[in-house]
Colleague: 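Have a look at this one before I ask anything.
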Amino acid sequence: MYSTQGEAMIGTNLNFRFAVVSDLHVALPHTVWDSPKRFHLVEVSIPALEQILTHLAQQQLDFLLLPGDLVQHGERDNHKWLVDRLAQLPFPTYVVPGNHDVLMRQGQVIEDHVGRRETVSLAEFTQLYRAHGYSTPNQPYYCHEILDGVHLIGLNSNGFDEKGEQFYTGWLDPNQLQWLDTQLDRLAGQFVLVMLHHNALEHLPGQSCSQVGRRYMVKNAKALTDRLKAADVPLMFTGHIHIQDIARDGSLTEITTGSLVSYPHPYRILELTTNPQGQRRLSIESHRIESVPDFPTLQSTSHQWMGERSFPFMARLLMDPPLGLSKEEAQQHAPVLRDFW
């Protein structure tokens, strides 16, 4: 639970309820990409999301957060389906791009065994989701007062090189950090939430020391977290790593939510309340999808699915720092740790 003294902040009587669903990887049937190494059970993305949205529509929510990886591989068809579906919800929804949402800064055409698929550019992403945070044209980050006294900063943690290709890790460019400074100064004393896709705090021991672990983090995370702590921002929401975890660094708490298409197919409902003394408390409920029509035993099926595909991933993780096992040692231990993730 997160709690803090609220007497010195504007809007001390804050009370609101919201949900987080992360790493949806929405894939319409004609776009599903198959591979024996694929971790994501994208076949369940749409029926699982529909089940969640039906549940959330009954929860009297104030808003919904989607911290990136909205679609399978940046496909325009999948993005358009999601935008149309979000428009039907009885509460506002805010998104940020994940590494799967914009594969190349300028977009691209993919032709493989699935067929021909067009992916969106970063600029097109902001246009498609202009009703979900991106009110400033072509700016892939935003700041909105989403409730009276509650502000949401949505950041773009996707970095691109000169060729428009994604960096291996997350990245916040200097212009975005300068913009963030301006927003934090402007909102001094207000209640601010931050959302981005990549992790800024470690959710695994030694995560920032491991090549595999760093893939899920913002490379210049300290530049972000130092700013947020200095501005007394209490809460940050991320995804990408496909696990349920809460990490803390002083007064800053990062809540990362597991993926809709990976075991255990979780989502969260959160409620922030303020008592008469101005103390705030954040209650977090974690839910999971137990089954969908084509996967009546989803939990056990998905658990087995990930375990069967875990060996190469776990072997790499064990050979990386901080463990640094030999290849032979990693191959010995990887089967025992098949369910680690």
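Positions are given from 1, in the same order as the sequence printed here.
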Colleague: Between N99 and H240, is the side chain to side chain donor-acceptor pair (under 3.5 Å) condition met? List the steps.
Modeller: CA-CA 8 Å; N99 58 301; H240 193 32; 3.2 Å; yes

Colleague: Could you list the residues that satisfy ring pair (Phe, Tyr, Trp, His ring centres under 6.0 Å) with H265, not counting sequence neighbours?
Modeller: none

Colleague: Has D62 got a side-chain atom pairing as donor or acceptor with F16's backbone, closer than 3.5 angstrom?
Modeller: no

Colleague: Decide if atom NZ of K229 counts as having more than 12 heavy atoms of other residues, nucleotides or ligands within a radius under 6.0 Å.
Modeller: yes

Colleague: Please enumerate all residues that pass side-chain contact (heavy atoms from CB on, under 4.5 Å) together with S121, with sequence neighbours excluded.
Modeller: A123, E124

Colleague: Could you tell me whether D77 and R117 make a salt bridge, using a distance below 4.0 angstrom between a side-chain N and a carboxylate O?
Modeller: no

Colleague: Not counting sequence neighbours, which residues clear ring pair (Phe, Tyr, Trp, His ring centres under 6.0 Å) with F39? List them please.
Modeller: F313

Colleague: Listed by chain and number, what are the side-chain hydrogen bond (donor to acceptor under 3.5 Å, both in side chains) partners of T182, not counting sequence neighbours?
Modeller: none

Colleague: Can you list the residues that meet the side-chain hydrogen bond (donor to acceptor under 3.5 Å, both in side chains) rule with S135, with sequence neighbours excluded?
Modeller: H144

Colleague: Can you tell me if D101 uses its side chain to pair, donor with acceptor, with the backbone of L70 under 3.5 Å?
Modeller: yes

Colleague: Only counting residues at least two apart or in another chain, list the ones meeting side-chain contact (heavy atoms from CB on, under 4.5 Å) with S300.
Modeller: T297

Colleague: Looking at residues at least two apart in the chain, or sitting in another chain, which of them share a side-chain hydrogen bond (donor to acceptor under 3.5 Å, both in side chains) with N156?
Modeller: none

Colleague: Using a side-chain heavy atom cutoff under 4.5 Å and only I, L, V, M, F, W and Y, what cluster partners does W171 have?
Modeller: F167

Colleague: With sequence neighbours excluded, tell me which residues meet ring pair (Phe, Tyr, Trp, His ring centres under 6.0 Å) with F125.
Modeller: H79, Y129, Y134

Colleague: If the condition is side-chain contact (heavy atoms from CB on, under 4.5 Å), which residues does Q207 pass it with, not counting sequence neighbours?
Modeller: N199, E202, H203, L204, Y216, M217, I241

Colleague: Tell me every residue that passes ring pair (Phe, Tyr, Trp, His ring centres under 6.0 Å) with W81, counting only those two or more places apart in sequence or in another chain.
Modeller: none

Colleague: For the pair L49 and L82, evaluate side-chain contact (heavy atoms from CB on, under 4.5 Å) and give the outcome as yes or no after the intermediate values.
Modeller: CA-CA 10 Å; L49 180 60; L82 182 59; 3.9 Å; yes

Colleague: Taking Q72 for the side chain and W33 for the main chain, is one N or O donor matched with an acceptor at less than 3.5 Å?
Modeller: yes

Colleague: Taking only residues two or more places apart in sequence, or in another chain, which ones meet H287 in a side-chain contact (heavy atoms from CB on, under 4.5 Å)?
Modeller: H55, Y267, I269, E285

Colleague: Of all the heavy-atom pairs spanning C209 and P321, show the shortest one and how long it is.
Modeller: O-CB, 3.4 Å

